[in-house]
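So the structure is just underneath, and the comments pick up after that.
What you see below is based on every heavy atom in this structure, not just the backbone, and it leaves out hydrogens, waters and symmetry mates. Throughout, protein chains are lettered first and strands after them, A, B, ... in sequence-line order, and every chain is numbered starting at 1.
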Protein chains: 2
Amino acid sequence: MAPSREPDRPHLNRWVYEQLRDALVTGHFVPGRSITLRGVAEELGVSPMPVREALRQLVAERALEMQGNRRIAVPAMSATRLEELARARSLLEPELAVRALPHVDMARLERLKSLDRAVDAALAQGAAEAYVRANYEFHMGLYRAAPSQVLLPLVESLWLQVGPFLRLIVGRLGTASFVDRHRAALRAIEAGDSDRLREAIAADIADGAAILRAAEVPQGRAA
Amino acid sequence: MAPSREPDRPHLNRWVYEQLRDALVTGHFVPGRSITLRGVAEELGVSPMPVREALRQLVAERALEMQGNRRIAVPAMSATRLEELARARSLLEPELAVRALPHVDMARLERLKSLDRAVDAALAQGAAEAYVRANYEFHMGLYRAAPSQVLLPLVESLWLQVGPFLRLIVGRLGTASFVDRHRAALRAIEAGDSDRLREAIAADIADGAAILRAAEVPQGRAA
DNA sequence: CTCGCCACAATGTGATCACAATATGCTCGT
DNA sequence: ACGAGCATATTGTGATCACATTGTGGCGAG
């Protein structure tokens, strides 16, 4: 996991949470592996207390799962859960993208284009982790433009749930199966075309879901 | 708030969470009022620790809001937030209802009918709290039939957000403005008709949203 | 009388301890 | 040699303490 920066004293809580969140999205946690409170506390060099708070928050966001024995682990993916996640994403994300559209200014558009290039580069190089991270940043970078207090958190929760699994599959299949579907979205944004943006996002989600579905869901206990 | 039962020692955490959750849905917390950690701890007769966990979970579920000064309060409702909540509900709930439909057995159908009667009775008597509670139980009672690990938590989060506000409005407007829209849903369930169920749920949400929208959003600081 | 400053009270957060529940590894019996 | 039973280690949870930060009330200066 390797703490990327020194812990900030003011918001230690937030910092631990972000570390864990980043580790989840980039797939440093493997589905099924159980997470111990004191373990991450020691690894991050903090006391167990802020880890407790962060873990519980992630459990509340369904990014982690508390198993019956009150152990905390990354939820195992199943075919039905994957299908449900794709459905929820396809319901919420196009709507959120459309709401973000009017608030995408030039600076943000440039950042999105840059992230799209990062996605391409990662795909070309077969860099799994760089791909999932850039892909995540692209989508969220767009959505965050929307002044949304409701839809945005819901979508973030969904991404936290797909993250570890996506990373697992990309690492297994390689990046060859994935194509960049962000071009259409970027063009729609530049044109200010809501309908085409909605379709582009929906297509991107359907596309990714199809690949994941084809990739025979692993047990989740696998390494 | 008045603890309805004695605290269970085994899952004190869960118990406190459920107490707060129930208080939220039934509107015992007023939007804008700030919640103090030691306050509820004393009121529930427990140590501040489980309250910390429960409050943070509710914040993660967006049922509560952590203000900049790290005070915790029920989020103030705004017109835009209300609109977003209605939109999110209308996207997710019909889908969830349809997924629940095949799993509604006779026993559950009877419970739903009973809850519907409770809704009617509450409306007739102008019992605001009984109405919001029965309404909540009706919807969730249906949705919980669906074996959903993704959509269901999202929808629960939405209801936790609408709850306090709905209670506020019902208390202000009285129950006269509200009509029972659950009949159509029940008939669709009995007929096993997915499309009509989807429409019934969508209509119920649109209906409620219209009433709330018409009721000029209060400041949220109001008592 | 009003406004600004200051002391005090209260709050959330992090740390540490104690404990019950659970998992793990070993030993002993067959 | 293998499996059941038990002792030990590990884990999450609740409680309590210490502290930095923030909100609040009162006092005094203008």
Side-chain angles (χ1 to χ4, degrees), chain A residues 1 3 5-21 24 29-30 32-76 220-221 223, chain B residues 1 3 5-21 24 29-30 32-76 220-221 223:
Chain A
M1 187 162 23
R5 290 189 302 278
E6 282 308 299
D8 320 2
R9 308 137 278 88
H11 307 300
L12 230 183
N13 206 325
R14 181 74 62 180
W15 181 80
V16 173
Y17 169 74
E18 282 164 6
Q19 294 297 315
L20 290 172
R21 184 192 176 97
L24 273 171
F29 287 133
V30 176
R33 169 102 77 221
S34 80
I35 317 248
T36 77
L37 202 154
R38 289 171 172 89
V40 295
E42 190 174 357
E43 186 160 1
L44 266 61
V46 299
S47 98
M49 189 59 95
V51 180
R52 257 166 89 169
E53 313 269 334
L55 284 182
R56 286 199 84 92
Q57 179 168 353
L58 288 167
V59 169
E61 291 167 333
R62 308 284 159 167
L64 295 177
E65 186 184 51
M66 202 167 72
Q67 307 175 326
N69 36 3
R70 72 181 180 179
R71 277 184 111 105
I72 291 177
V74 179
R221 190 70 52 181
Chain B
M1 185 161 26
R5 291 189 303 276
E6 283 308 299
D8 322 2
R9 310 136 276 91
H11 306 299
L12 231 184
N13 205 325
R14 180 73 62 179
W15 181 79
V16 172
Y17 169 74
E18 282 165 5
Q19 292 299 314
L20 289 172
R21 184 193 176 97
L24 273 170
F29 287 134
V30 176
R33 167 103 77 225
S34 79
I35 317 249
T36 76
L37 203 153
R38 289 171 172 89
V40 295
E42 190 174 358
E43 187 160 1
L44 265 62
V46 299
S47 97
M49 189 57 97
V51 180
R52 258 167 87 168
E53 313 270 335
L55 284 182
R56 288 200 82 92
Q57 179 167 353
L58 288 167
V59 168
E61 292 168 332
R62 308 284 159 169
L64 295 177
E65 186 183 51
M66 201 168 72
Q67 307 175 325
N69 36 3
R70 70 181 179 180
R71 276 183 112 107
I72 291 177
V74 180
R221 190 69 55 180

Task: Spacing between B:Y17 atom OH and D:dG14 atom P, to the nearest angstrom - done: 15 Å

Open item on the list: Between A:E65 and A:V74, does the side-chain contact (heavy atoms from CB on, under 4.5 Å) criterion hold? Intermediate values first, please.
Closed with: CA-CA 6 Å; A:E65 186 184 51; A:V74 179; over 6 Å; no

- [ ] Could you tell me whether B:R14 contacts a base, only the sugar-phosphate backbone, or nothing, with contacts defined as non-hydrogen atoms closer than 4.0 Å?
- [x] nothing

TODO: Report the C-alpha separation of B:R52 and A:M49 in whole Å, then their side-chain angles, then the decisive distance to 0.1 Å, and conclude whether the side-chain contact (heavy atoms from CB on, under 4.5 Å) test is met.
DONE: CA-CA 11 Å; B:R52 258 167 87 168; A:M49 189 59 95; 3.8 Å; yes

TODO: Send over the distance from B:Q67 CD to D:dG23 C1', rounded to a whole Å.
DONE: 13 Å

Open item on the list: Within the structure provided, determine whether B:V51 and B:L44 are in side-chain contact (heavy-atom separation under 4.5 Å).
Closed with: no

Open item on the list: Using a heavy-atom cut-off of 4.0 Å across all strands, would you classify A:I35 as base, sugar-phosphate, or nothing?
Closed with: sugar-phosphate

TODO: Supply the atom-to-atom distance B:L64 CG to B:Q67 CD, rounded to the nearest 0.5 angstrom.
DONE: 10.5 Å

Task: Approximate separation, where rounding is to 0.5 Å, of A:S47 OG and A:E42 CD - done: 12.5 Å

Open item on the list: Can you measure A:N13 atom CG to C:dT11 atom P for me and round it to whole angstrom units?
Closed with: 19 Å

All N/O donor-acceptor pairs, side-chain side in residues 55-63 of chain B, below 3.5 Å, sequence neighbours left out:
unit_1, atom_1, unit_2, atom_2, d
B:R56, NE, A:E53, OE1, 3.0
B:E61, OE1, B:Y17, OH, 2.9
B:E61, OE2, B:Y17, OH, 3.0

Open item on the list: Output one letter per nucleotide in nucleotides 15-24 of chain C: B when a protein non-hydrogen atom lies under 4.0 Å from the base, S when only the sugar-phosphate is that close, - when neither is.
Closed with: BB-B--SSS-

TODO: May I have the distance from A:M66 (atom CE) to D:dT11 (atom P), rounded to whole angstrom?
DONE: 17 Å

TODO: Would you kindly give the CG-to-P distance between B:L64 and C:dG12, to the nearest whole Å?
DONE: 12 Å

TODO: Please report, rounded to the nearest Å, how far the P atom of C:dG12 is from the CZ atom of B:R56.
DONE: 11 Å

